[in-house]
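Notes to accompany the following structure.
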Amino acid sequence: MTIKTIPHFLNGEETSGLGEKTQPVFNPATGEQTGALCLADRQDLETAVAAAKKASESWGDISLAKRTAVLFKFRELVATHKGELAAIITAEHGKVLSDAKGEVERGLDVVEFACGIPQLLKGEYSDQASTGIDVFSFRQPVGVVVGITPFNFPVMVPLWMAPMAIATGNTFILKPSHKVPSAALMLADLWRQAGLPEGVFQVLHGNREIISGLLTHPDVDAVSFVGSTPVAKHITEVATAHGKRVQALGGAKNHAIVLPDADLDHAADHLAAAAFGSAGQRCMAISVAVAVGDAADLLVKKVEERARAVKVKNGTEADADMGPVISPESKAFIVKTITEAEQAGAAMVVDGRDLVVPGHEKGFWVGPTVIDHVNSEMSAYTEEIFGPVLVVVRVESLEAGISLINANPYGNGTAIFTTNGAAARKFQREVQVGMVGVNVPIPVPVAYHSFGGWKASLFGDQHIYGPEGVSFYTRGKVITQRWPEPAHASGASYNFPSN
Ligand code: NAD
């Protein structure tokens, strides 16, 4: 197997940079090393920031018509190359091809939203706010934006950020996850083909020291981060202490409440898909089923049937439902957490710890796992497992379910399965979570609404993409304007101006 070198994309071209170190990249389905990722040194970082700063002066000034022309072309290119992008995702992440294509499509939604940027940057105007005075406001780019992204969405999460930052007139340096770095380079090439000037979109790979250099650099103005909660918190603390605007989306533990009146087949189908799709490595995956009262026994039986039917294979195979997890470390953590639940007295309904995929013995596999009678003390409940594990917590009432969710430190996504509108309405109003699904297990908002969790799932004030994304990547400016006619000069007044 040849091991490809994975470069940076700086100032309009791919480069290995000056850093001498590399980091291995693996195919999780085979366990083989496929790439050697170039790691930046300080000089590469300076090159990237200087290019971004220089490019921001002209890109921030270019007409909206020219900016949107590039965005429309980029949209076409991503759509045309969807299959290739999906193949790159599957090769480094492991998710099945159809899921990888779905990820690209959700990213495209944000590109399409960004194509409408002239409408979103129109500003506001107050005629004759005071006698002879007009007031108007508009928004300008913040400057140089850094995006730091997680392994689980190598295309979608960068597309939550870059099109919005670029459409609003900023330049963007992407630090992709070191586990899945190649898709970022294809995005860079597509931006180049779309006519984006050099330095507006760059890709820089690096270790923590380089990330820290970006977070503290005087010429970086804003940081968008998506990843785990401890890192999100750290990024927020460091970057805000250095005067940057920060939005940092963190981890999750998403609960779905199932009421006894729900259509249990519908609920079981969607719970299984939301728990085991992408091997549970989605920030909006459902990892806790909260079964209310009489729903529990039948629901567990139906979810068990579905879990046993999941086809776990190399994601390149046409009939695969689920691929591997990202790394041996991730597998070890998932297996350890399942074992702890078993030892603490939970009931193993489906156990994926010993799964072997024939022909792929060295891959990082964990099969779908369902654990019943889990309580809120067990590590299987308190930890974000980030694997194909669904735990079932049994409660007596909707109120008890809502209390359980509200006591959880995370607040990314949640769902309720019911046929009772009043119960759904109570849930959506009382639950302390940013994104809520009613009979929809993974309520990722469409691109014209913004995406964001509450509590430990988001640090910063603004959600990502959509209208809040526009706001995050721009600063408001208000102009108060008078054009006095010489004949009406009124002389100096030393009072505080009044209307
Ligand atoms: P991670 O936090 O380990 O890494 C995210 C990014 O931060 C990567 O680019 C990584 O290189 C970098 N990084 C890691 N450690 C760092 C450190 N100490 N200092 C600076 N940078 C560091 O996350 P991951 O394992 O790649 O992704 C999975 C996590 O992301 C899960 O917790 C998942 O819930 C979360 N996630 C959240 C959302 C959301 O929208 N809230 C979306 C996707 C993923």
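Remember, it's 1-based here, ligands and their atoms both numbered in the order they're listed. Numbering starts at 1 and runs along the sequence shown.
- In this structure, Gly250 counts as a contact residue of ligand 1, since one of its heavy atoms falls inside 4.0 Å of the ligand.
- With respect to Lys362 and Glu32, no salt bridge is recorded, no charged nitrogen being found less than 4.0 Å from a carboxylate O.
- Under the 4.0 Å distance rule, the nearest protein heavy atom to atom 21 (N) of ligand 1 falls inside the cut-off.
- Any N or O atom pair closer than 3.5 Å counts here, and Gly227 shares at least one such pair with ligand 1.
- In this comparison of Ala252, Gly206, Ser228, Pro181, the heavy atom closest to atom 23 (O) of ligand 1 sits on Ser228.
- Taking any N or O of Ile235, backbone or side chain, none lies under 3.5 Å from an N or O belonging to ligand 1.
- The nearest non-hydrogen atom to atom 43 (C) of ligand 1, considering only Ile464, Val238, Asn152, Val444, comes from Asn152.
- Residue contacts with ligand 1, taken as heavy atom pairs separated by less than 4.0 Å, involve Glu384 solely via side-chain atoms from C-beta onward.
- Only the backbone of Thr149 comes within contact range of ligand 1, with a heavy atom under 4.0 Å; no side-chain atom does.
- Here the protein heavy atom with the shortest distance to atom 18 (N) of ligand 1 is Arg208 NE, 3.3 Å.
- At the top of the distance list for atom 10 (C) of ligand 1, counting protein heavy atoms only, stands Lys175 NZ, 3.8 Å.
- With Gly452, Cys283, Pro154 as candidates, the residue nearest to atom 36 (N) of ligand 1 on a non-hydrogen basis is Cys283.
- Only the side chain of Trp160 comes within 4.0 Å of ligand 1, counting heavy atoms alone; its backbone N, CA, C and O stay farther away.
- Using a 4.0 Å cut-off between heavy atoms, Asn412 contacts ligand 1 through its side chain alone, with no backbone atom that close.
- By the salt bridge (charged side-chain N to carboxylate O under 4.0 Å, His left out) test, Glu13 pairs with no residue at all, sequence neighbours left out.
- Ion pairing of Glu103 with Lys95 is present here, as a side-chain N (NZ or NE/NH1/NH2) and a carboxylate O approach within less than 4.0 Å.
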